[in-house]
Every structure is written in structure tokens, then in C-alpha cells.
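See below for the structure under consideration.
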Amino acid sequence: MSENVVHLHKHTNPPAEAVTDDAAPTVLTVVPDAPPVRPVPLWVRSGRAVKTAVTHERTRSVGRAVVRHSLYTFNGGRIAARRAWDGRTGSRYERMIRAAEAAGNLEAAEEWEERLQRFRAARHHRRMDLLHSPVDAAKGVAVGAGMSVGVLVALGVVMAISTGQVADVVTPLSATIDFIALLIRIVQVVWGPAVTIGPFLALLALWSVGRKQHAAPQWALSANVRSGEGEPITPSIVVKALRDLGVPALARAIKEMGDAGASMLGPITIAGCGVEVDVTLPSGVSTNEVQSKRRKLAENLTRHEHEVFITIPQAARTVRLWIADSGALDEPIGPSPLVTDETMTADYKKGKAPWGQDLRGDAAALSLYQRHLLITGLSNQGKTVALRSLALWLALDRSVEFLIGDLKGVGDWAMFDGLATTLIQGPTDEHVIQVTEMVEGAVDEMNRRIQAPPGTTFPALIVLVDEAQMAFMCPAKDEDKRPYGGSKANSRYFMAVRKIHNQGRAVNVLMWQGTQDPTNENLPKLVREGAHTRASLALGTESQARMALGDKAVDGGAAPNLLRPGLDRGTLVVASDGITIPAGQSSITVRTHYIDDDAATAITDRAKALRDGVTTLHAIDRGEEHDPLDDIAAVIGDAPRVRTKDVLARLATRNPDAYGEWSFIDLKRVLDDAGAEPYKSDGVMVVSRDRVARALANRESDGSASAE
């Protein structure tokens, strides 16, 4: 029989498989110069095994279980001892007194002190009774025993008379003695096992008490208890969360109060998709110490940070906690009434725009009457949709006029073509220049309105600029070297916005702006503070939140910087007197309705049907040469007739240099000369489209005849 030899050399690996005949065994030989393979030391292998065993999840689970159940029993004994001590002494009343004093409630402190005195008096009375109880008990036992024996003997006499047997006289007495002996034997039999099992039953009872109270460290608790997802909010949970917040003065005060820490809490009430509770802080604890610990408080309440909101109500030394149900804020709030109710109309002066829902689940509606508006936030958080939803509602008031500059230029405002008087869309410096001149035209219209006779009323003119940071940061300059962007006194866009903020409200010329990442460079202080309604989506820092909403709102609990970018898209923190804000708060959080482009187009179609027709300008005419009659025809558009004051406003927007100073007399002069005189319709002066078109046709025919 032959044999196959496979040599193993240094730096080579043995073959994975040796293919030979079945009859020939394979012999492995080692070349003499190959070094021997050193085995791994035993202590190394043991260490690895121990490390693997320690880090294994099953080992950890077993270790946690041992610690958890051991501490359940130990801490259960502490809880039972504490309860027994409270029942035998006045410590419970003393804790209540300290809690009332810490809360500043002297009346409650006096009431608990009276209860303590009554408890001590009753306890003293019981102790005095104990001095006489042995003698009284002995007398009672003697009298009772004598009466019992007498009754049994009398019963035996009756039995003896009945049966005629004298021995029956002692039968009841002997039966009673036998019964007592039986009880003694039962006790003797049961006593041994009871003594053996009793301690285990006592430990089981203590373990049960500790288990119900979860009396173990958080890391040792089971996974479902640690997560606490969906755990209802109770007073004890809130008190524990505050105690473990890491504020030493608060922890000491609650420790002194004991279970009476719940006296800090007001009623826990259902508020929308969560609950709300007011917490009166003990002396020495400020509200900002709790506000700054929002994340830790949320985790102590088994919630995520975005599910807990902390605000400051009017009451001194009080914080208001709103705690959402787990996962409730990740659910959509439903469609806008603008989409579901096709008969809805708007009223600029008396109505409110349906914007969304607050955290309580109540409808959040915003009044737009004579209020400048600023909405800011990080990119792609729903700023344009939130701003557009307000404009969509207001468009259903046929008297409102829009001048819109979209410096993003991706079609978010395209549905306002044919509805807005001016619609400029694009991100370039040229578009910024056009938007700046549009805003300056609105300033001219504002000045014209201001100079009107007292008592004259004007329809709302909404000057809306989306992505306004593009205008503030534009480096372009005009022929006089004046910058369009910036925040200096010669900045054209900045000064135009400031003028509208200063005087526009009184004559219903309003400035609406949407901008990203508020900073002093892309949103100057004077501009942001000129807005009556300030709203912010998710932001990056607290300093940005202060720029967006102001110090008062942020100090009062507004925190758009704590919203989750992407996840809280469309959620706004609003500071305005145009929306209902709970008493004592300076802001409110609103989850806005989402209106997509198709739904927005349907709403603008309804708004266009309410109007006579609007010719939208897509550029501001800055040419030196202009034809007034052509311009009048252009601003009238397809409408059969337009009021003269609307024609003047549109001309001023189209070419501020040429028509900014025009009055009704100037308009009438041009129309009279052309044979297209204005006339009254329903009591107001109007300009006829057909008359203007006929005048243009006649002028062209006259020009052709002259040429011939």
C-alpha cells in the first residue's frame, strides 16, 4: 500500500483538501526547519472567556434581574417601615407642614398643624389608657371566666334534669375544655411550618411592595418598565421627574416634602393630544433652571424632548408643562378647511385665517388685519407653504390686492398669476432689483393713501416677499451707487420695508416676508422688530430664535430651536396678538395645515372667480418712454371695467417713476383726450376696457391715414 506525503513548509498553509485514492492514506510530515506552533496561554483564553461571558446580553439580563429583585425586597422593607412609622408618629403631618410652608401656603400649614395637635392629643389619650388597661383586662377576664363557667354549669344542670343523668352536669364544661385542647394541638402542629414559612412570606410581601413601586435603579429595571412608552402622566411621575432633574434646591425641597411633593402640582388636565399641569416651584428655585433642563425632564417623564413644552404662566415661580402622548406629535393633523370647504370666503378686517392646530388640538386661526408678518426658519421646513396658506385665505377676499416677489423662483407662487397685480419670480440680482422697485412702488401708493382726505378707507395691499434674505444680501447697486441690499440708511430694499413698517399699517399697506436662518446680515434688527406677527419654524440656535421671535417670547418659553428639523416640518412657534394665546404665555406652538400645489391652484381659481380679472405684471417697467393709454389698457387686462383708483394703483406699481404721482385728474385727462372717458357704475368711477381699446384702435387708424 502506497502512501501520500504532504509536506508543510514555513510560511505556507496546509491544503484545504487532499485528493488521493481511498486505499492510500495521507501522511503529514513537518519540515524540520518549520517553527513549532505556540499554543495560546491558558490565562489568555480564560480572560477572553470571562470577558465574553460578562459582556453577553444574557449575562447582563441575569445580573440586572438579580439586582432588581434583591432591591425590590430591600426597598420594599424600607417603604413598609416608612409607612408603619408614618402611621405611628406625626411625621406625615410634619412633612405636610413643611410642604405648605415651602409653597408659601400658610393657611394649609396652619390646618396641618391643627391636625398634628389632634393626632398627638389622641395618641396621648391612648397611652394614658394603657396604664389602666392591665388591671381592667384582669378584672374583665376574671368576670368573663366566672360568668362563662356559671353559664356552662347551668346548661349542664338543664341537661341533667332533661336526661336524668347527674354526670351531664359537667358535660358542657368538659366539652369546652376538649375544644380548647384541640385548638392547642392545632397550633402546635401548624406553629413549626408557620415559623419556617413565615419569613419567606414576609419577604414575598416586601418584594411585592417594592415591585409595585419600581424600587430599583433605572438601569436594573426590565426593558418595558425602562422605556415607559405610553405611560400615563400621574402626579407621582411628575414629582419624581422634577426631583431627579439635577436642581439641588428643588431636590432638597421635594425630599423634605416627601410624598407631599404633589402639593406643588395643579390639576393635571387633558389638553389635546397630551396633558397640561402647572408646577409651583419651591422657594430658591427659578423657572429658568427648569426650562434649561427640558431634555432631562422629558426623559424623566419617559418622553422625547419634542414631546414636552415648558412655558411661563402669569403666576409667580410657576412653570406650565405640556406633555404629549407618546408619538402623538408625529401624526398628521388633517387637511385645511380651505381645501375641504369650497364655499369658504375671507374677510380681511373681521375674519381669521385657518392656519392649523395648537398643541391642545384646538383650531389655530390668525387675524391678518393691519399686521405686518414675518415667518422664518431653516430651509425646507415648510416656510413657503405656511406663508402661502395665509395668502390663499386672504385671496378669497376680493378687495385684497397682492404684490408678490418670489426670490426662490421655482414656481411656489405660480398659481397667483392672474390674481396678484405683480408677480416676480427668480433668484438673480435682476429679480431682486425688480422686487425692490415693486416694494418702492408700494411705498408710493402708501404715501398717496396717507395724503388722501381724512376718513378715506382703502383696501388691503399685501406686499409679499418670499426668501427675503436674497434681497438683504444682494450686492447690486444702482446708477447712483446706492445698494439694493444691506441694512444701511441708503439701502433701497431695507429703507422701503422700513417705511412700510412705519406707516403702512394705518392705510392697509402691509409687508409680509419669509426668510431663512435669521441673522443680523440677512434679516436686520429693525426689520424683524417691525413685524406685528412673528413666527418661526425649526431653527439651529437659541440666538436665532431670539432674532426670529424676540427676547420676550424666548424668555417666556418659546423654543423653535428645539423643534426637530425635518420631523417637525410645518410646526411654528408664533408670537402675535392676532392669535389666541393662553393667558400668561408669550407664544403658541401651531402645527400648520399642509396645502400642496394642486390644492393651492384650486383655491386661487376660486379666488379669481370672485374678481373681474387681474392682469399680472411679471416685471417692473423702468423705460424712459411710455404710452399712458397703452399702460392703462395693460393694467385693465381682460376685465370689462376697473375702478379708477385700482387703475391708478396698478399704474403706480407698473411704473412708479411715471405714474407714482398721478391723481384722478391726470388719469381723467388722458382718457378724455383719447375719447375713453371714465363713468360711474354702481356709484363708483370706472374705466371701460372697450372704450380704451376703441380709443387705441382709432388712434392707430388715424396714424395709418396720416402716413398715407
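In what follows, residues are counted from 1 in the order of the sequence shown.
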_Audit row: Arg546, Asn561, side chain to side chain donor-acceptor pair (under 3.5 Å) steps and yes/no_ = CA-CA 10 Å; Arg546 292 184 180 276; Asn561 53 300; over 6 Å; no
*Take Tyr493 and Val527 through the test side chain to side chain contact (heavy atoms under 4.5 Å, CB included) and record every step on the way to the result.*
CA-CA 11 Å; Tyr493 181 80; Val527 170; over 6 Å; no
*Taking it one step at a time, do Lys383 and Asp466 satisfy side chain to side chain contact (heavy atoms under 4.5 Å, CB included)?*
CA-CA 9 Å; Lys383 169 177 53 62; Asp466 196 8; 3.3 Å; yes
*Could you give me the CA-CA distance, side-chain angles and deciding distance for Trp322 and Asp358, then say whether side chain to side chain contact (heavy atoms under 4.5 Å, CB included) is met?*
CA-CA 12 Å; Trp322 185 86; Asp358 62 14; over 6 Å; no
*asked:* Evaluate Asp362 against Gln357 for side chain to side chain donor-acceptor pair (under 3.5 Å), listing each step before the verdict.
replied: CA-CA 5 Å; Asp362 299 329; Gln357 293 180 0; over 6 Å; no
_Working note: Ile375 + Leu537, criterion side chain to side chain contact (heavy atoms under 4.5 Å, CB included); need CA distance, chi angles, decisive distance, verdict._
CA-CA 8 Å; Ile375 298 180; Leu537 294 111; 4.0 Å; yes
*Could you go through the side chain to side chain donor-acceptor pair (under 3.5 Å) check for Gln469 and Glu467 one step at a time?*
CA-CA 5 Å; Gln469 76 278 357; Glu467 305 295 340; 2.7 Å; yes
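Under a 3.5 Å cut-off, the side chain of Asp278 and the backbone N or O of Thr318 do not form any donor-acceptor pair. Using modelled atom types, no side-chain atom of Arg303 and backbone atom of Ile323 make a donor-acceptor pair closer than 3.5 Å. Between the Asn288 side chain and the Gln291 main chain, no donor and acceptor come within less than 3.5 Å of each other. With His593 contributing its side chain and Gly334 its backbone, the two residues share a donor-acceptor pair below 3.5 Å. With Ser491 contributing its side chain and Gly486 its backbone, the two residues share a donor-acceptor pair below 3.5 Å.
Classification of Asp406 and Arg388 as a salt-bridged pair fails, no side-chain N sitting under 4.0 Å from a carboxylate O. Here Arg115 pairs with Glu111 in a salt bridge; the nearest charged N to carboxylate O distance falls below 4.0 Å. For Lys296 and Asp244, the salt-bridge test fails: no basic side-chain N is under 4.0 Å from an acidic carboxylate O. Under a 4.0 Å N-O distance rule, the pair Arg534/Glu529 does not qualify as a salt bridge.
Atoms CG and CG, from Leu572 and Leu563 in turn, are 8.5 Å apart once rounded to the nearest 0.5 Å.
Partners of Thr269 according to the side chain to side chain donor-acceptor pair (under 3.5 Å) rule, which considers only residues two or more places apart in sequence or in another chain, do not exist here.
Pairs of residues two or more places apart, or lying in two chains, that qualify as ring-ring contact (aromatic ring centres under 6.0 Å, His included) and include a residue from residues 512-564 are His372-His532.
Figure legend: cation-pi geometry between Arg294 and Phe309, with NZ or CZ positioned under 6.0 Å from the six-membered ring centre and within 45° of its axis.
Counting heavy atoms of neighbouring residues, nucleotides and ligands inside a 6.0 Å radius, atom CG of Leu204 exceeds 12 of them. Within 6.0 Å of the CZ atom in Arg123, the count of heavy atoms belonging to other residues, nucleotides or ligands exceeds 12. Heavy-atom neighbours of Lys408 NZ from other residues, nucleotides or ligands within 6.0 Å: above the threshold of 12.
Side-chain contact annotation: Glu542 with Gln544, donor-acceptor N/O pair under 3.5 Å absent.
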